[in-house]
Amino acid sequence: MTKVMILNGPNLNMLGVREPDIYGHETLEDIEKMCRGRAIELGFEIDFRQSNNEGQLVDWIQEAYRQEFSAVIINAAAYTHTSLAIHDALKLLACPIIELHISDPKKREAFRHISYVEFVATHSICGQGAQGYVLALEKLKEVL
Ligand code: DQA
């Protein structure tokens, strides 16, 4: 079975109510359901998680390494732009890493233009809304 870890960083638990003009109206639960539906069709087993804590995300990336996940999709949210710890943890992984953003940070404020995840990601999917998560799974189907 192809195991895919989908990690979500801070404030993504507030999707649906958080800046819907930027992030849309889907909740993280809606996104998880969409991912589960598509994953079944693609033959993936997914592990979908969210944390507001940087260290927790690092621990989960290390878990993906130890448990030999086939791929990681990560929306590190604001930690994308700040976290060397997440960058370093992702470097552990030999499997494909997809950087995911609902919005396109490069088209937003200058302080969102740097991504520490981008340097270590195999692919980046940005600005596709919640549908980006499904596109990420489809991309993995191509590359795995
Ligand atoms: C985000 C973009 C980040 O800049 C922001 O801090 C987020 C969400 C996105 O999915 O568009 O929290 O990762």
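Since the model is a prediction, treat every value here as computed from it, not as a measurement. In listed order, ligands and their atoms are each counted from 1.
In this structure, E118 pairs ionically with K106, as a charged nitrogen and a carboxylate oxygen lie closer than 4.0 Å. With respect to K141 and E41, no salt bridge is recorded, no charged nitrogen being found less than 4.0 Å from a carboxylate O. Between K33 and E29 there is no salt bridge, since no side-chain nitrogen of the basic residue lies less than 4.0 Å from a carboxylate oxygen of the acidic one.
In terms of polar-atom proximity, A78 is counted as a contact of ligand 1, with an N or O under 3.5 Å from an N or O of the ligand. In terms of polar-atom proximity, I102 is counted as a contact of ligand 1, with an N or O under 3.5 Å from an N or O of the ligand. In terms of polar-atom proximity, H81 is counted as a contact of ligand 1, with an N or O under 3.5 Å from an N or O of the ligand. Residue R108 places no N or O, backbone or side chain, under 3.5 Å from any N or O of ligand 1.
Atoms CD1 and CG, on I97 and L140 in that order, are 11.0 Å from each other to the nearest 0.5 Å. The structure places CD of E99 at 9.5 Å from CG of L90, a figure rounded to the nearest 0.5 Å.
Set against the non-hydrogen atoms of R18, the atoms of ligand 1 under 4.0 Å away are 7 (C), 12 (O).
Here the heavy atom of the protein found nearest to atom 5 (C) of ligand 1 is R112 NH1, 3.4 Å. In terms of protein heavy atoms, atom 11 (O) of ligand 1 is closest to S103 OG, 2.6 Å.
Residue P96 is tested with V143, I73, V72 for a side-chain contact (heavy atoms from CB on, under 4.5 Å); the sole match is V143.
A heavy-atom separation below 4.0 Å is not found between T80 and ligand 1.
Between the H113 side chain and the R108 main chain, a donor and an acceptor come within less than 3.5 Å of each other.
Proximity of H101 to ligand 1, defined as any heavy-atom pair under 4.0 Å, is shared by backbone and side chain alike.
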